[in-house]
Amino acid sequence: MFAAPVMFATPLFAQSDVIKIGSKDDIETGILGEVLAALARQAGAEVEANVIDAGSGTVFNAIVSGEIDAYIEYTGTLTGSTLSQLELTSLAQLEAALADRGLSMTDELGFNNTYALAVTRELADELGLVTTSDLADHPDLRVAVSSEWFGRADGWPQLKAAYGLPQDDVTALGEHRLLYRAITSGQTDVIEVYTTEAAIEANDLVVLEDDQSFFPQYMAFVLYRTELEQSHPTVVEAWRQMAGTLDEASMTALNARVEGGLNSESAAAAAYLAEHFTDAADDVTADLSLPARLWQRTVEHAWLVVAAMVLGIALAVPLGVLAAGGRTAGRVVLGITGIVQTIPSIALLVFMIPLL
C-alpha cells in the first residue's frame, strides 16, 4: 500500500514461459506471493518467485513493463494512489483502466486491509478514546505516521481536515514498521496502522474506529498480466479460486505467524494452502529455522557484495591503467567518472535495476 509515481511503458522484458511473481515490501504480500507461486507450480507452470520486493508504485511499474507477471494488490492503493490521477470511482472503471495497461484482476480475496489510527490500550482507557473523532478533544496528543502515507490522497493532512483534528505535533517516519517502536517506547501517542497487522494485537494497541468512513476500502486481489489468460489459463483459474477464501481475521493470523518469528512467509503460505488448496501445499519452499534463514540471507548478501566488488575492480583497474598511460585517455576517464559521480544514487538505481 505504498505510493510512487506511475510510469507507463511498452514491455521492456522479453516474453518468457517462466511466470514471475512479485510482492511489495511487506509481510502480507510476501505470504500471498508465495501462495501465487505455489498455485502456479501446481498448475504445471515454471515459476520464479520474489522477482521484485518493493513499494507499490515500483511493483506496479514492474508489472506494466512486463518485468513481473503477477502480484497481490489492493483496490484502495490503485484508486487512491497509484492511479489516483484517473479519479476512478467504481470497480468497473478500475478494471477498464487496468485493461488499458494489459492487466487484469481476480475477484477480491475477501479481506480489507485499510488504514486506521491506533493508540495504546492504556491511553485509550485513560482518555476514553474509541473513535477517530475522539482525538479532536485532545490537541496535545503526539502523532506519528509513515512518510509515504503522509503524502497520500487519503493521508494525514486530508484525514486531519476531514475530522477537524487539532494535533500539530506530527512526525513522519521513513518506514512504517518504526511507528510501533515509537508508540511502545512512549515517543508518540497515536500512529497509523494497517488493520490486518499482527503487530496491533502483539503490542496491545486499540484501533480507533473510522466513524466518518474516511478511509477507502483496500480489498486484496491478484493483479496479473492479461496475456497469461492465453499462455497459462490453468494458472489464472487457480488464482481466481482464491477469491473469498481470506477474511481479516485469517489474514491477520497468517501475518502473526511471520511477524512473531514462528514461521517464514513460505511456511505461512503453506498453512493457508493446506486449508484451501491441499494439492498445492507441497509446492511451497520448505520452511527454514531462524538460524537457517539468517545464514541463507548472510550468504546471499556476501555474494552480492563480492560480485559487485569483483565487477568494480575488473572495470576500474584497466581504466586506471589506461588513464595513467596517457594524458588524453586520463582526461576522458576522469571526466566521465566525474560526471557519473554527480548523478544521485536514486537516479542510478532507476536505470540500473531494470538492467541488472
Side-chain angles (χ1 to χ4, degrees), residues 1 18-54 59 68-74 106 109-113 175-177 180 193-203 220-224 235 238-304:
M1 297 191 329
V18 178
I19 295 179
K20 298 180 180 180
I21 309 297
S23 68
K24 302 186 183 184
D25 51 358
D26 61 74
I27 289 173
E28 184 165 286
T29 59
I31 294 172
L32 296 176
E34 292 283 356
V35 171
L36 298 184
L39 290 175
R41 293 190 189 100
Q42 199 274 331
E46 185 178 353
V47 178
E48 185 178 349
N50 300 315
V51 172
I52 191 169
D53 179 9
V59 183
I68 61 174
D69 298 299
Y71 74 98
I72 298 296
E73 187 54 277
Y74 303 84
T106 67
L109 304 188
F111 70 92
N112 175 29
N113 183 9
E175 292 187 32
H176 176 80
R177 70 190 72 182
Y180 288 96
V193 297
Y194 308 146
T195 53
T196 58
E197 287 182 299
I200 296 173
E201 182 177 351
N203 291 284
F221 62 90
V222 183
L223 182 63
Y224 63 91
V235 172
W239 291 342
R240 290 191 175 279
Q241 291 177 20
M242 293 175 64
T245 60
L246 277 169
D247 58 17
E248 283 81 3
S250 299
M251 192 66 247
T252 301
L254 291 176
N255 289 335
R257 287 173 173 263
V258 182
E259 290 183 28
L262 298 177
N263 290 140
S264 64
E265 292 176 351
S266 60
Y272 164 81
L273 290 166
E275 180 178 357
H276 298 283
F277 300 91
T278 307
D279 293 340
D282 294 336
D283 289 297
V284 180
T285 303
D287 189 24
L288 296 175
S289 64
L290 178 58
R293 295 203 304 273
L294 287 173
W295 173 249
Q296 182 186 59
R297 298 300 180 229
T298 299
V299 171
E300 290 177 357
H301 179 77
W303 165 246
L304 290 172

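In this chain, residues are counted from 1 in sequence order.
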First locate atom OH of Tyr71, then atom CD1 of Ile21, and finally report the distance between them rounded to the nearest 0.5 Å.
-> 12.5 Å
Between Tyr74 and Glu28, the two heavy atoms sitting closest are OH-OE2, 2.5 Å
Minimum-distance pair of heavy atoms, taken over all atoms of Thr252 and Ala198 = O-CB, 3.9 Å
Residue list, side-chain contact (heavy atoms from CB on, under 4.5 Å) with Glu201, at least two apart or on another chain | none
Could you walk me through whether Leu246 and Leu32 pass the side chain to side chain contact (heavy atoms under 4.5 Å, CB included) test, one step at a time?
-> CA-CA 11 Å; Leu246 277 169; Leu32 296 176; 3.7 Å; yes
Sidechain-backbone polar pair: Trp239 side chain, Leu39 backbone, donor-acceptor under 3.5 Å | no
Those residues at least two apart in sequence (or on a different chain) that pass side-chain contact (heavy atoms from CB on, under 4.5 Å) with Ser23 are Thr29, Asn50, Asp53
Residues which pass side-chain hydrogen bond (donor to acceptor under 3.5 Å, both in side chains) with Thr106, listed by chain and number, not counting sequence neighbours | none
Nearest-0.5 Å distance that lies between atom CD in Glu197 and atom CE in Met251 | 11.5 Å
With Glu275 via side-chain contact (heavy atoms from CB on, under 4.5 Å) - residues at least two apart = none
Quick one: does Glu34's side chain have a donor or acceptor within less than 3.5 Å of a partner on Glu265's backbone?
-> no
Rounded distance [0.5 Å steps], CD1 in Ile68 versus CD in Glu48 | 11.0 Å
Residues passing the side-chain hydrogen bond (donor to acceptor under 3.5 Å, both in side chains) test with Tyr224, sequence neighbours excluded, are Glu229, Arg240
With sequence neighbours left out, the residues meeting side-chain contact (heavy atoms from CB on, under 4.5 Å) with Glu248 are Phe111, Asn112, Thr196
Rounded distance (nearest 0.5 Å) linking atom CG of Asn255 with atom CG of Asn113 | 7.5 Å
Could you tell me the separation between the NE2 atom of His176 and the CG atom of Asp25, rounded to the nearest 0.5 Å?
-> 11.0 Å
